[in-house]
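Step one of this worksheet: look at the structure below.
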Protein chains: 2
Amino acid sequence: MTEAARHDVFQAIADPTRRKLLQLLSEEEMPINALAAHFPISRTAVAKHLAILSDANLITGKKAGREKRFALHPEPLLEVKEWVAYYERFWDNKLSMLKHLVEKDGEIEGLKEAEKRKTT
Amino acid sequence: MTEAARHDVFQAIADPTRRKLLQLLSEEEMPINALAAHFPISRTAVAKHLAILSDANLITGKKAGREKRFALHPEPLLEVKEWVAYYERFWDNKLSMLKHLVEKDGEIEGLKEAEKRKTT
DNA sequence: AATTTATGAAACCTTTTGGTTTTATTATTA
DNA sequence: TAATAATAAAACCAAAAGGTTTCATAAATT
């Protein structure tokens with residue numbers, strides 16, 4: 001496997017600066033200097049954020065002459081999407097949760113127990 | 001507004017221990033001791049993680065006798081879902097991205113420039 | 001060739017994070 | 001009421017995170 005991902009995608013997107021970097025790169029590919037111009041912090045600090053995003057496979061950078069052009073690589077966000085999707089079952093209406101429980105065998109017992117807890 | 005959210009939801013879910021706590025609470029409400037039994041760390045450490053989740057409005061805790069029962073409150077994850085949804089446009093096939101670009105005025109220029117960059 | 005531009009890398013600093021142990025407090029239960 | 005169980009709160013600590021400045025390198029320009 002060529003995808004290492006030493007840095008967790010959840011941790012990578014936790015920082016607001018890094019989320020803004022992803023947003024900028026979603027608009028267009030850019031070298032580090034162009035990116036850094038959007039922040040009040042130093043170019044070096046931005047470089048470190050880019051390294052973290054790169055470790056999480058969220059961006060790629062290819063050298064073009066003396067500059068290195070970064071591009072968005074959003075695929076790892078699929079993991080986040082799926083993680084959140086699990087919790088969608090639980091929000092707002094209880095019916096969807098019930099449906100979720102009924103869909104998998106053996107969970108009915110859990111429901112019954114939950115009911116028991118409520119009434120005792 | 002009663003929803004403070006002093007802690008960012010992105011930061012709250014960044015930690016694997018906290019994600020596991022949410023998962024446990026999605027199965028059933030539990031007091032802190034029951035939760036802590038699932039981890040190799042101290043109950044106090046778990047309590048701190050719960051405080052962070054609570055600050056992000058991802059869980060609620062109501063005192064019942066001498067124990068405090070925690071429950072999942074997944075609604076703030078909607079923000080994450082929407083954030084990720086934005087990037088879905090960009091992954092896998094370029095057609096959906098093109099569609100995205102065409103949908104908003106003024107972005108055609110950006111596309112043209114991107115093409116120019118590729119060919120020069 | 002000399003200068004400028006764009007980046008990379010190292011050393012260092014401060015605050016935050018994730019953990020600990022110790023010391024209360026509060027409700028149950030024997 | 002004395003002992004126990006379930007938390008809460010405080011003080012402390014090491015490592016990681018997010019910054020900085022300084023020095024080095026490589027490609028473009030003049």
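Residue numbers start from 1 in every chain, and the chains themselves are labelled A, B, ... in the order their sequence lines are given, proteins ahead of strands. The basis for the numbers below is simple: all heavy atoms, side chains too, and nothing from hydrogens, waters or symmetry mates.
Checked by atom type and distance alone, the side chain of A:R69 pairs as donor or acceptor with a backbone atom of A:E29 at under 3.5 Å.
Using a 4.0 Å cut-off, no side-chain N or O of A:N33 falls inside it from OP1 or OP2 of C:dT5. A sub-4.0 Å separation between OP1 or OP2 of D:dA8 and a side-chain N or O of B:K68 is present.
Atom-to-atom, NZ of A:K62 to P of C:dG8 comes out at 15 Å; the value is rounded to the nearest Å. Look at CD on A:E29: it is 17 Å from P on C:dA6, rounded to the nearest Å. One atom, CZ of B:R69, and another, C1' of D:dA6, lie 13 Å apart when rounded to the nearest Å. To the nearest angstrom, P of D:dA17 lies 16 Å from CD1 of A:I13. The distance between atom NZ of B:K63 and atom P of C:dT25, rounded to the nearest whole Å, is 15 Å. Remark: C1' of D:dA8 and CZ of B:F70 are 11 Å apart, rounded to the nearest angstrom.
At least one side-chain heavy atom of B:L77 sits less than 4.5 Å from a side-chain heavy atom of B:I13. Taking the side chain as every heavy atom from C-beta outward, B:L58 and B:L72 never approach each other to under 4.5 Å. Using a 4.5 Å heavy-atom cutoff, the side chains of B:L35 and B:L25 are in contact.
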Test side-chain contact (heavy atoms from CB on, under 4.5 Å) applied to A:L24 and A:E27, step by step: CA-CA 5 Å; A:L24 289 168; A:E27 294 168 0; 4.3 Å; yes
Any chance you could lay out the side-chain contact (heavy atoms from CB on, under 4.5 Å) test for A:D8 and B:R19, step after step, and finish with the verdict? CA-CA 13 Å; A:D8 189 66; B:R19 287 199 300 279; 3.6 Å; yes
Test side-chain contact (heavy atoms from CB on, under 4.5 Å) on A:N33 and A:R43 and set out the steps. CA-CA 7 Å; A:N33 262 350; A:R43 187 188 53 76; 2.9 Å; yes
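The minimum heavy-atom distance linking B:S26 with A:Y86 is given by the pair OG-OH, 2.8 Å. Shown here for A:W91 and B:P74, the closest heavy-atom pair between the two residues is CE3-O, 3.5 Å. The two atoms that bring B:A56 and B:P76 nearest to each other are O-CG, 3.6 Å, heavy atoms only.
Axis deviation across the helix from C:dA1-D:dT30 to C:dA30-D:dT1 amounts to 10°, comparing end segments of five pairs, rounded to 10 degrees.
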List, with names and distances, any nitrogen or oxygen atoms from the protein found under 3.5 Å away from nitrogen or oxygen atoms belonging to nucleotides 28-30 of chain C.
residue, atom, partner, partner atom, Å
C:dT28, O4', B:R66, NH1, 3.2

Grab the N/O contacts between the protein and nucleotides 13-17 of chain C below 3.5 Å, and write none if there aren't any.
residue, atom, partner, partner atom, Å
C:dT17, OP1, B:Q11, NE2, 3.4

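For residues 44-54 of chain A, the pairs satisfying side-chain hydrogen bond (donor to acceptor under 3.5 Å, both in side chains) are A:R18-A:H49, with sequence neighbours left out.
Residues from residues 39-50 of chain B with heavy atoms under 4.0 angstrom of DNA chain C, sorted by number: B:I41, B:S42, B:T44, B:A45, B:K48, B:H49.
A:Y87 and A:W83 have tilted rings, their planes meeting at an angle from 30° to 60° on a 0 to 90° scale.
Checked against side chain to side chain donor-acceptor pair (under 3.5 Å), A:K81 has the following partners two or more places apart in sequence or in another chain: B:E88.
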